[in-house]
Amino acid sequence: METKDKKEQMPDVRIGELDQYLFGQGTHYDIYKKLGAHPTVVDGKKGVYFAVWAPHAAEVHLTGEFCGWEENAYKMTRLEPLGIYEIFVEGLQIGMQYKYLICTHDGRRLYKADPFGNYAELRPGTASRITDISNLQWHDKAWIEKRRKQNLDAMPMAIYEVHPGSWMKHPASEENPDGFYNYREFAERLTDYVKEMGYTHVELMGIAEHPFDGSWGYQVTGYYAPTARYGTPEDFAYMIDHFHQNDIGVILDWVPAHFPKDACGLADFDGQPLFEYADSRKGEHPDWGTKVFDFEKNEVRNFLIANALFWVEQFHIDGLRVDAVASMLYLDYGRSDGQWVPNIYGENKNLEAIEFFRHLNSVVPGRNPGVLMIAEESTAWPMVTGAPKDGGLGFGLKWNMGWMHDFLDYMKLDPYFRSYNHNKMTFSLTYAFSEQFILVLSHDEVVHLKCSMINKMPGLYDDKFANLKAGYTYMFGHPGKKLLFMGQDFAQFQEWSEARELDWYLLGEDKHRQLQDYVKALLHLYKEDPAMYSLDHSWDGFEWINADDNSRSIFSFIRHSADGKSNLVFVINFTPMSREDYRVGVPQSGSYKLILNSDDARFGGSGQEQPETFRAIKGECDNKPYYIEYKLPAYGVAVFKYAKRKEPQHRKSSGKAVQKTSPKKKTPGA
């Protein structure tokens, strides 16, 4: 068992001069081990040491259920020069609730939750709880070691984005009125699903403590606390450990862009703006009604960078998806003229936020090789994934929002109009390798009257499913890592709501089950064939066959593996017109094996028999020296595999597709 020795001497958790110096410089990366509430022993007495940063306060008192919430029972001592308040209280127990009472110079008394607290009262309560995360149990040493050595660029990454509270629920009961799964139950059920489907990672929404379910976890009050909705910090650690033991990576949504104005939270923490910019033109998001972190302050930058390290180093998280990066980079984001303050050069770039990102993205993976920092950045800001030393922001990956918008615009169209919008599907290849991208179909695309993925599709019932199979295939064949939000892989009809579980009953219907089987086949093909991912960020891995067949709305291209041993030809038809004599150009002679066919009966297709292997025919097609003939169905998808030849042969072919083996075949993921 890989645990810390509980008998080892307890570290000194009290704030010292060096701690204050480093925090003041913005480089105390373990500050969460000093600020907050920490069980310890002082002068032979067991108790809890509390420390909080509140420089504008006149006084700070500790209060909680251990003193009947009396206001003046425990006055804290102020440390200079930073204005940190501390106190040690003997005899307190794990699980007890507490808050800091901030007394302001103008007579106000503010009850605040602990900014560094590791556990919180279940909402609607807002108190912090005493806990001890210094002895969490881990059994994932092999995973962490593998993570250190992995090549992130050349590995498969198919992410399943999940909101734990609404993925699956128990029936409501008196003991569990929300029906939430505990972290431990959730880990076991989700692991089974992820492994069966073929995802490589899960991305978890709404983990840091937040008061309002409807914010989905994007308005945080407890940055250092896994939400109590699903259990304790120990339960949360069990979940991560369980995922790792089953070779599943874990990414957390992380929100350093803004925080809510809730009275218990960070807003005006010590009676004045502390964590936020004092000038409301920089310190508030008018569209969101939230506060913006003050990236000029060393201590605030330290709070956030240490928080990123906290999740990675204390809870073994494999990556952080950084929310709303654009809102941090642009001073005028969501603001009209006169509502924002230019930088010293008169520009709209937030220079402090830029430096924050460079610092963050140097320190987190620098201390933890293999950990991913992912930017949800929605503009054309240059070099988001470029190295800080070269002027980049230093992220490992960037969400490809441009691809997502163009893709969805195209997929929503009636097939008649797709020929006039062909470039929406090809344009992304003009910049596909300018950054390290993830292609995303996230929760944001299936809420607020945007419709579920299946209901975005045009046509009647059967057409919708066929369209979605074609769209998902284009996504998985396109260069870049992948992300799908829960429910999309079995065609959830309703828009997503945090208040209810997914409509799992739909899997009792043929079309939904068949679509899920198809996505499963895609996922396993993606994960198991290096052509799908090993050259994701280079033109060496992608080759158009025909990008210009707009009149028929057919796309054909090749994916190559890094070693050249695996090569896949994709043909995708985005119209309800079948092509009985379709020809696709191929680069060499020889055999092409049909490894994925959307028309397979088990995927809801017609089940029309096709040869398993096709022989290339000599003759120019699509500017290639050979071609294969194939019966391409309406909305049909075909993926062929071939081995690259060093010296292509040029003998004549009979001109017919030759059935080399039985038409019965196995599809990846079967």
Side-chain angles (χ1 to χ4, degrees), residues 400 402-434 437 439 457-459 466-480 531-532 535-560 567-589 592 594 596-598 614 616-642 644 648:
N400 195 335
W403 169 86
M404 179 269 295
H405 287 299
D406 287 345
F407 173 80
L408 292 179
D409 285 348
Y410 181 88
M411 294 304 301
K412 293 173 188 176
L413 290 171
D414 184 291
Y416 177 82
F417 297 104
R418 285 177 175 169
S419 64
Y420 306 106
N421 291 270
H422 199 74
N423 67 312
K424 286 189 179 295
M425 294 291 263
T426 59
F427 179 67
S428 59
L429 267 301
T430 66
Y431 62 85
F433 311 116
S434 63
F437 281 120
L439 307 188
M457 300 300 107
N467 266 288
L468 200 51
K469 285 189 290 183
Y472 284 160
T473 308
Y474 190 84
M475 173 186 182
F476 274 82
H478 190 292
M532 297 285 280
L535 289 173
D536 249 347
H537 306 299
S538 165
W539 275 111
D540 293 336
F542 181 88
E543 177 184 353
W544 279 115
I545 296 175
N546 193 336
D548 302 316
D549 194 357
N550 63 297
S551 63
R552 298 187 295 182
S553 297
I554 298 173
F555 299 85
S556 53
F557 54 87
I558 303 173
R559 293 302 306 269
H560 301 290
N567 307 276
L568 303 177
V569 173
F570 283 75
V571 180
I572 309 172
N573 178 8
F574 281 101
T575 72
M577 299 293 294
S578 62
R579 308 290 175 180
E580 295 297 315
D581 56 351
Y582 181 76
R583 292 181 177 182
V584 59
V586 292
Q588 66 182 43
S589 63
Y592 290 76
L594 180 62
L596 185 64
N597 174 19
S598 64
F614 291 76
I617 302 166
K618 185 171 177 56
E620 192 279 335
C621 180
D622 297 323
N623 292 316
K624 303 293 182 186
Y626 297 88
Y627 63 88
I628 55 177
E629 290 183 338
Y630 172 72
K631 294 180 180 179
L632 183 62
Y635 298 118
V637 170
V639 181
F640 303 90
K641 185 168 185 172
Y642 71 96
K644 188 176 291 186

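- Distance alone, capped at 3.5 Å, is enough to place a donor-acceptor pair between the S556 side chain and the N546 backbone.
- Between the CD1 atom in I554 and the CZ atom in R418 there is a gap of 12.5 Å [rounded to 0.5 Å].
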Criterion side-chain contact (heavy atoms from CB on, under 4.5 Å) on N573 and V637, from CA distance to verdict: CA-CA 6 Å; N573 178 8; V637 170; over 6 Å; no
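- When atom types are taken as modelled, the side chain of S538 and the backbone of L535 share no donor-acceptor pair closer than 3.5 angstrom.
- Remark: K618 is positioned above the aromatic ring of Y626, its terminal NZ or CZ atom under 6.0 angstrom from the ring centre and at most 45 degrees off the axis.
- Residue F417 places its CZ atom among 12 or fewer non-hydrogen atoms of other residues, nucleotides or ligands, all under 6.0 Å distant.
- Between F574 and F555, the gap from one ring centroid to the other is short of 6.0 Å.
- A side-chain donor-acceptor contact under 3.5 Å links T575 to the backbone of M577.
- Only one option out of F557, F614, Y592 pairs with F640 in a ring-ring contact (aromatic ring centres under 6.0 Å, His included); it is F614.
- Taking 4.0 Å as the cut-off between side-chain N and carboxylate O, K624 and E543 count as a salt-bridged pair.
- Between W403 and F437, the ring center distance fails the sub-6.0 Å criterion.
- A donor-acceptor pair is defined here as one N or O able to donate and one able to accept, closer than 3.5 Å; no such pair exists between the side chain of D406 and the backbone of M425.
- No more than 12 heavy atoms of other residues, nucleotides or ligands lie within 6.0 Å of NZ in K631, so this atom counts as exposed by the packing criterion.
- Within the 4.5 Å cutoff, no side-chain heavy atoms of P458 are placed close to those of L413.
- Other residues, nucleotides and ligands contribute more than 12 heavy atoms inside 6.0 Å of the CG atom of D414.
- Looking at R552, its side chain never comes within 3.5 Å of a backbone N or O of R579 through a donor-acceptor pair.
- Between the side chains of S553 and H422, not a single donor N or O lies within less than 3.5 Å of an accepting N or O.
- Under the rule for a side-chain hydrogen bond (donor to acceptor under 3.5 Å, both in side chains), the partners of D536 that lie at least two apart in sequence or sit in another chain are K481, R559.
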